[in-house]
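Labels below follow one simple rule: chain letters A, B, ... track the order of the sequence lines, proteins then strands, and each chain is numbered from 1.
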2 protein chains.
Amino acid sequence: MNVASSDADISVSAVAAAIAEPARTRMLYCLLDGHARTATELAIVAEVGASTASVHLATLAQKHLLQVQAQGRHRYYRLTSPEVAAALEALSIIAASPRARFEPNTPNRLRAARTCYDHMAGALAVALHDRFIALCLLTAGPRGDGMYDLTDAGTVAFAKLGMDIAHARSSRRRFACACLDWSERRPHLGGAVGAMLLDAALKRRWVVRDMDSRALRLTPSGRRDLRTRFGIEG
Amino acid sequence: MNVASSDADISVSAVAAAIAEPARTRMLYCLLDGHARTATELAIVAEVGASTASVHLATLAQKHLLQVQAQGRHRYYRLTSPEVAAALEALSIIAASPRARFEPNTPNRLRAARTCYDHMAGALAVALHDRFIALCLLTAGPRGDGMYDLTDAGTVAFAKLGMDIAHARSSRRRFACACLDWSERRPHLGGAVGAMLLDAALKRRWVVRDMDSRALRLTPSGRRDLRTRFGIEG
DNA sequence: TTCATGGTTTGATCGTAAGCGAAGTATTCC
DNA sequence: GGAATACTTCGCTTACGATCAAACCATGAA
């Protein structure tokens, strides 16, 4: 065992331990949609008292899993980075895989459509992703590292939805990338474009947020619009 | 909080807790190279007594992170699936990121070349990956989900290294895929082809295993051969 | 058969950390 | 200013789990 790897080990232990506490896990999963929430909100979803929640949140912030932002008498907590969301999804995959063998098709609102950090996930998101590629709106980047780019047709189509593609390009964030969907085991669209797409979908009420969970619900008008616009049958 | 998501939460907690114990983390990291090891070997790397190691290993097996295989009076433990390796790498990324801000270029044997599950990782692996694509030996698959394919030229070139590409294609395992490298933050080559490439590299002594760690060392002849064969300057 | 080795089970000890309520600090609203 | 709200800190209790030594199985070798 060399120093470098045991060094890495202890800090991985610390991060895993921070995630492991059930109350903290509930908090993190609640924040997986990318929203910021107050300490009391998180105390409620974690099902612990305010004082307990406070020390949990301090722990998570100290381990750099959460960021705090004080605003008046509220303190808003959010996930520090997409990497944190990725680690949580990776843990979900291995947590879900043994039971998936026994109940392979759990009917689940989350399976159909949900948010992943700040973009869409689930069957709907995967269908959109595949359709965008089939329609040549989106192409895999040249380096084969899961980065995407919009074609000219894609730029036009997405601009029509009110998305500011030029702004997304200039942002420091990754423009568009593949994000592995844990329920579908296939990629959906992440990155700045993925986030803007979720915004647009909510603004046009293609989908509405389910209160108190990451689930999204496809509206009748959303279903109609997605069919005429992209030829998606739902 | 709906039932589905809190169900997921508790099992994620359990998996994270299984990883979190430092002795178990050391065991898992030791197994990250894809090898199977005996209980006593793992007790040594974990720096605990045999009895303690035994209960740790039972815990990890019960949570489906490890597989056991009895062979004579030895019991061999290995990671259950690449997904487990992926989760460990994802945790590494967030564990490393805060400190990376302060010491961005930690000189580290592991950074240069190491094994990831059963294929190569680190700067060398990323260089090979990029070179294969530049030389049109390897191409990104059509679906943009991080799957790769060999070109005809690639099939010939890899066959010359003694790799049985036809066998790799017929295996149930993913043929070739992008695997995110946590130190380089860029993809390297995984899947069956990645595993065979590591075999070939070891057989030709391009690299040799560092005892007692995942590090690989590039040999002088390996350096020479990689330059003449693929034009890689190291 | 007997002995040695690899591995697991048991029982007891010990430390850490999660939990709550009460008291303390800060900020907004009236 | 004073009351109410949001959040944290403190002190205390409790419980879970990591550890080891010793006893206990199983396999292979002599």
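The nearest whole Å value for the distance from the CG atom in B:Leu60 to the P atom in C:dT8 is 12 Å. For the pair B:Ile44 CD1 and C:dG6 P, the interatomic distance rounds to 10 Å; values are reported in whole Å. Counting to the nearest Å, the P atom of C:dG6 and the CG atom of B:Leu57 are 16 Å from each other. Regarding B:Gln62, its CD atom lies at a distance of 16 Å from the C1' atom of C:dT9, rounded to whole Å.
Checked by atom type and distance alone, the side chain of B:Ser92 pairs as donor or acceptor with a backbone atom of B:Leu88 at under 3.5 Å.
The two residues A:Ala95 and B:Ser11 come nearest to each other via the heavy atoms CB-OG, 3.1 Å. Scanning both residues, B:Met163 and B:Ala200, for their nearest heavy atoms gives CG-CB, 4.1 Å.
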Verdict with reasoning, B:His119 to B:Leu189, per side chain to side chain contact (heavy atoms under 4.5 Å, CB included): CA-CA 8 Å; B:His119 53 269; B:Leu189 181 60; over 6 Å; no
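In this model, no donor atom of one side chain and acceptor atom of the other lie less than 3.5 Å apart for A:Thr38 and A:Tyr77. At a cut-off of 3.5 Å, with distance as the only test, a side-chain donor of A:His35 or A:Arg209 sits close to an acceptor on the other residue. Side-chain N/O atoms of B:His129 and B:Tyr148 include a donor and acceptor closer than 3.5 Å.
Looking at heavy-atom distances under 4.0 Å, A:Tyr77 makes contact with sugar-phosphate atoms alone, never a base. Using a 4.0 Å heavy-atom cutoff across all strands shown, A:Thr40 reaches sugar-phosphate atoms only and no base atom. Contact annotation for A:Ala39: backbone-only contact, meaning every heavy-atom pair under 4.0 Å involves sugar-phosphate atoms and none involves a base.
Proximity of A:His56 to the phosphate of C:dG19: a side-chain N or O atom is located under 4.0 Å from OP1 or OP2. Using a 4.0 Å cut-off, no side-chain N or O of A:Thr52 falls inside it from OP1 or OP2 of C:dG19.
Residue B:Glu83 holds its CD atom at 13.5 Å from NE2 of B:His64, rounded to the nearest 0.5 Å.
Here the range on DNA chain D touched by chain B, meaning any atom under 4.0 Å from one of its heavy atoms, is D:dA18 to D:dG28.
Partners of A:Phe175 by ring pair (Phe, Tyr, Trp, His ring centres under 6.0 Å), not counting sequence neighbours: none found.
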When every nucleotide of nucleotides 22-30 of chain C is labelled 5' to 3' by its protein contacts under 4.0 Å (heavy atoms), B for base, S for sugar-phosphate only, - for none, what sequence of letters results? B----BB--
